[in-house]
Amino acid sequence: MTAHPSATLVDAHRQKLRAVGFEVTELTSADIPDYVELVSSAYRGEGSKQGWTTEADLLGGQRLDGPMAEDMLAEADSQILLARDDQGRAVASVYVREPEDGASYLGVLAVSPLGQGKGLGSLLIGLAEAWVAEHWGATSMRMSVINKRDELIAYYERRGYVRTGEIEPFPYGDERFGLPKVDDLEFVLLAKPLS
């Protein structure tokens, strides 16, 4: 009799995504062009305005370019998960970083405007939370969201994230993060315990 390894939470989350037509893998260098296009489509430019996650009214310029994505991929303490649909198109992604004091970081959650409103973002957040707990032993997840993104903050709050009361300054003058269209941007920090 052969023993079958029990499924992990990560496996269970991947299966949920597979059941609705999405395959999730860890980003490779071959995925970089698709990843950059996906993130840009979710956050910046006129095309991003088709979805509700756009930052186009707050920030212009790029959200991510190839060299930035390569740098992210090269980080030894992080992982990028990429979801593709049944036609192979990159439709969602999430970046996670190893925990500091038990808290992992979740960032650059991107869902293509055409894939929004289908629960894909929530499923990917669930996978990311399971991934950091299983792979790195994280006990909580943290993130930063632009203070003007009330709808996005509310989205995360509905998924168990709470405002920590901490604020971080927006990096004005660093065009890698975009070209601000308003002068009062900052980051609100959110956190969630992982059980």
Side-chain angles (χ1 to χ4, degrees), residues 22 27 34-65 68-69 71-72 75 78-83 90-97 99-100 103-129 131-132 138 140-194:
F22 302 102
L27 191 82
D34 288 345
Y35 177 60
V36 170
E37 183 179 335
L38 165 66
V39 171
S40 297
S41 76
Y43 288 103
R44 300 281 167 79
E46 286 303 309
S48 72
K49 292 181 180 180
Q50 296 175 41
W52 68 273
T53 62
T54 185
E55 297 173 340
D57 294 331
L58 300 173
L59 295 161
Q62 70 180 18
R63 176 64 166 84
L64 183 70
D65 64 17
M68 289 170 66
D71 289 346
M72 291 168 66
E75 293 172 3
S78 69
Q79 186 61 252
I80 301 167
L81 303 174
L82 180 69
V91 293
S93 65
V94 64
Y95 166 93
V96 290
R97 195 168 51 234
E100 291 181 16
S104 278
Y105 181 81
L106 184 148
V108 199
L109 176 65
V111 179
S112 162
L114 301 176
Q116 292 177 15
K118 300 175 183 175
L120 180 54
S122 294
L123 288 170
L124 201 54
I125 290 170
L127 174 61
E129 291 169 352
W131 202 96
V132 300
S140 65
M141 187 78 90
R142 293 175 54 88
M143 68 174 66
S144 55
V145 182
I146 294 175
N147 62 321
K148 301 287 188 185
R149 306 289 314 280
D150 293 329
E151 190 176 3
L152 186 57
I153 292 169
Y155 170 83
Y156 288 122
E157 288 175 333
R158 289 190 302 274
R159 278 138 194 89
Y161 288 83
V162 296
R163 297 173 195 238
T164 66
E166 298 171 76
I167 303 290
E168 291 181 349
F170 185 85
Y172 283 94
D174 188 341
E175 291 185 7
R176 292 177 304 150
F177 297 96
L179 305 171
K181 296 180 179 181
V182 296
D183 61 5
D184 55 351
L185 298 177
E186 56 191 5
F187 292 106
V188 174
L189 299 181
L190 306 174
K192 176 183 178 178
L194 302 176

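It should be emphasised that the depicted structure is a prediction, and the values quoted were computed from it without experimental measurement.
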Could you report the tightest heavy-atom contact between [X] and [Y], atom names first, then the distance?
{"X": "Gln79", "Y": "Leu27", "result": "OE1-N, 4.1 Å"}
{"X": "Ala92", "Y": "Val111", "result": "CB-CG2, 4.1 Å"}
{"X": "Asn147", "Y": "Leu185", "result": "OD1-CA, 3.5 Å"}
{"X": "Tyr172", "Y": "Asp183", "result": "OH-C, 3.1 Å"}
{"X": "Ala90", "Y": "Leu38", "result": "O-CD1, 3.9 Å"}
{"X": "Ser104", "Y": "Ala138", "result": "OG-CB, 3.3 Å"}

Would you indicate whether the side-chain heavy atoms of [Y] and [X] approach each other to under 4.5 Å?
{"X": "Ile146", "Y": "Phe187", "result": "yes"}
{"X": "Val96", "Y": "Met141", "result": "yes"}
{"X": "Lys118", "Y": "Phe22", "result": "no"}
{"X": "Val132", "Y": "Pro99", "result": "no"}
{"X": "Tyr156", "Y": "Leu109", "result": "yes"}
{"X": "Val108", "Y": "Met72", "result": "yes"}

Distance, nearest 0.5 Å, that separates [atom1] of [X] from [atom2] of [Y]:
{"X": "Glu129", "Y": "Leu106", "atom1": "CD", "atom2": "CG", "result": "7.5 Å"}
{"X": "Leu82", "Y": "Leu124", "atom1": "CG", "atom2": "CG", "result": "9.0 Å"}
{"X": "Asp34", "Y": "Ser112", "atom1": "CG", "atom2": "OG", "result": "11.5 Å"}
{"X": "Tyr161", "Y": "Lys192", "atom1": "OH", "atom2": "NZ", "result": "5.0 Å"}
{"X": "Ser144", "Y": "Leu190", "atom1": "OG", "atom2": "CG", "result": "8.5 Å"}

| field | Heavy-atom neighbours of Glu100 CD exceed 12 at 6.0 Å | value | no
| said: A cation-pi test, strictly: NZ or CZ of Arg159 under 6.0 Å from the centre of the six-membered ring of Tyr155 and no more than 45 degrees from its axis. Yes or no? | reply: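 So Arg159 does make the cation-pi contact.
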| field | Main-chain N/O of Leu189 paired to Thr164 side chain as donor or acceptor, under 3.5 Å | value |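 Yes; at least one donor-acceptor contact below 3.5 Å.
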